Amino acid sequence: MSDSDLSVYKQIGPEAFERLIDGFYRRVATDPVLRPMYPDDELDAAARRLRLFLIQLFGGPATYSDERGHPRLRARHLPFRIDQAARDVWMQHMQAALDEAEIADPARGAMLAYFERAATGMINTYNPD
Ligand code: HEM
């Protein structure tokens, strides 16, 4: 993690992560591509895991790893079929949630750069033309 990542949590605080994740999962809840990937009654639990993960990644308390161990994000996403289209929908919702949460630069830019890179890394299907 770089110094700029470290400062994100200090810049925006825990409430901003809560606003971000609330807005993101509200969108996932009605999304025809993403919603079916999440276990029926697990959205709240999934939202909490993502919030704690991001807080830890961006320099806040390490509650995520205390509860879940090493993130192993790519391995944990292998059970879901993530193609380019699913990745793009995920990104659209996250970008809209960043706007709605009114997270300002430079935190917004650092988070967006991370999401773009990490979401692409989660693609686990090959789609021949
Ligand atoms: C920046 C990219 C991403 C990050 C940082 C991220 C992060 C996470 C985290 C932290 C979890 C919980 C892992 C755990 O069990 O502890 C999770 C679960 C999950 N993610 Fe992602 N994810 C990303 C991209 C995606 C994409 C692109 C999709 C699908 C299009 C996706 C679908 C899911 C699903 C279905 C789960 C399972 C719900 C759960 O049990 O938590 N994720 N993700």
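Residue numbers start at 1 and run along the sequence shown. Just so we're clear, the structure is a prediction, and the values are computed from it rather than from any experiment. Order of listing sets the numbers, starting from 1, for every ligand and every atom in it.
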Which heavy atom of the protein is the closest neighbour of [atom], given with residue, atom name and distance?
atom                    : value
atom 15 (O) of ligand 1 : Arg68 NH2, 2.5 Å
atom 16 (O) of ligand 1 : Tyr64 OH, 2.4 Å
atom 33 (C) of ligand 1 : Tyr38 OH, 3.4 Å
atom 5 (C) of ligand 1  : Tyr114 OH, 3.6 Å

* Asked: Just by modelled atom types, is the Met122 backbone N or O under 3.5 Å from a matching donor or acceptor in the Arg87 side chain?
  -> no
* Tell me, which protein N/O/S atoms are under 2.8 Å away from atom 21 (Fe) of ligand 1? -> His77 NE2
* To do: Give the minimum heavy-atom separation between Met37 and Arg81, together with the two atoms involved.
  => CE-O, 3.5 Å
* Which atom of Arg19 lies closest to which atom of Ala101, heavy atoms considered -> NH2-O, 2.9 Å
Among [options], closest by any non-hydrogen atom to [atom]:
atom                    : options              : value
atom 1 (C) of ligand 1  : Ala85, Ala118, Gly69 : Ala118
atom 12 (C) of ligand 1 : His93, Arg49, Met111 : Arg49
atom 30 (C) of ligand 1 : Leu34, Asp88, Val28  : Leu34

* To do: For Ala86, take its heavy atoms, then give the atoms of ligand 1 lying under 4.0 Å from any of them.
  => 30 (C)
* Taking only heavy atoms of Phe115 into account, list the atoms of ligand 1 that are under 4.0 Å away from them. => 1 (C)
* Would you kindly confirm whether Leu78 and Ile82 end up in one hydrophobic cluster when ILVMFWY residues are joined by side chain heavy atoms under 4.5 Å apart? => no
* Asked: Looking at CG of Asp22 and CD of Glu15, how far apart are the two atoms once the value is rounded to the nearest 0.5 Å?
  -> 12.0 Å
* When you look at CG of Asp105, are more than 12 heavy atoms from neighbouring residues, nucleotides or ligands closer to it than 6.0 Å? -> yes
* Can you establish whether the number of heavy atoms outside Glu116 located under 6.0 Å from its atom CD is more than 12? => yes
* To do: Test side-chain hydrogen bond (donor to acceptor under 3.5 Å, both in side chains) on Gln84 and Asp88 and set out the steps.
  => CA-CA 6 Å; Gln84 180 74 42; Asp88 289 347; 3.1 Å; yes
* In chain order, what residues pass the salt bridge (charged side-chain N to carboxylate O under 4.0 Å, His left out) check against Glu100, with sequence neighbours excluded? -> Arg26, Arg27
* With under 30° as parallel and over 60° as perpendicular, where do the rings of His93 and Phe24 fit, or are they tilted in between? -> perpendicular
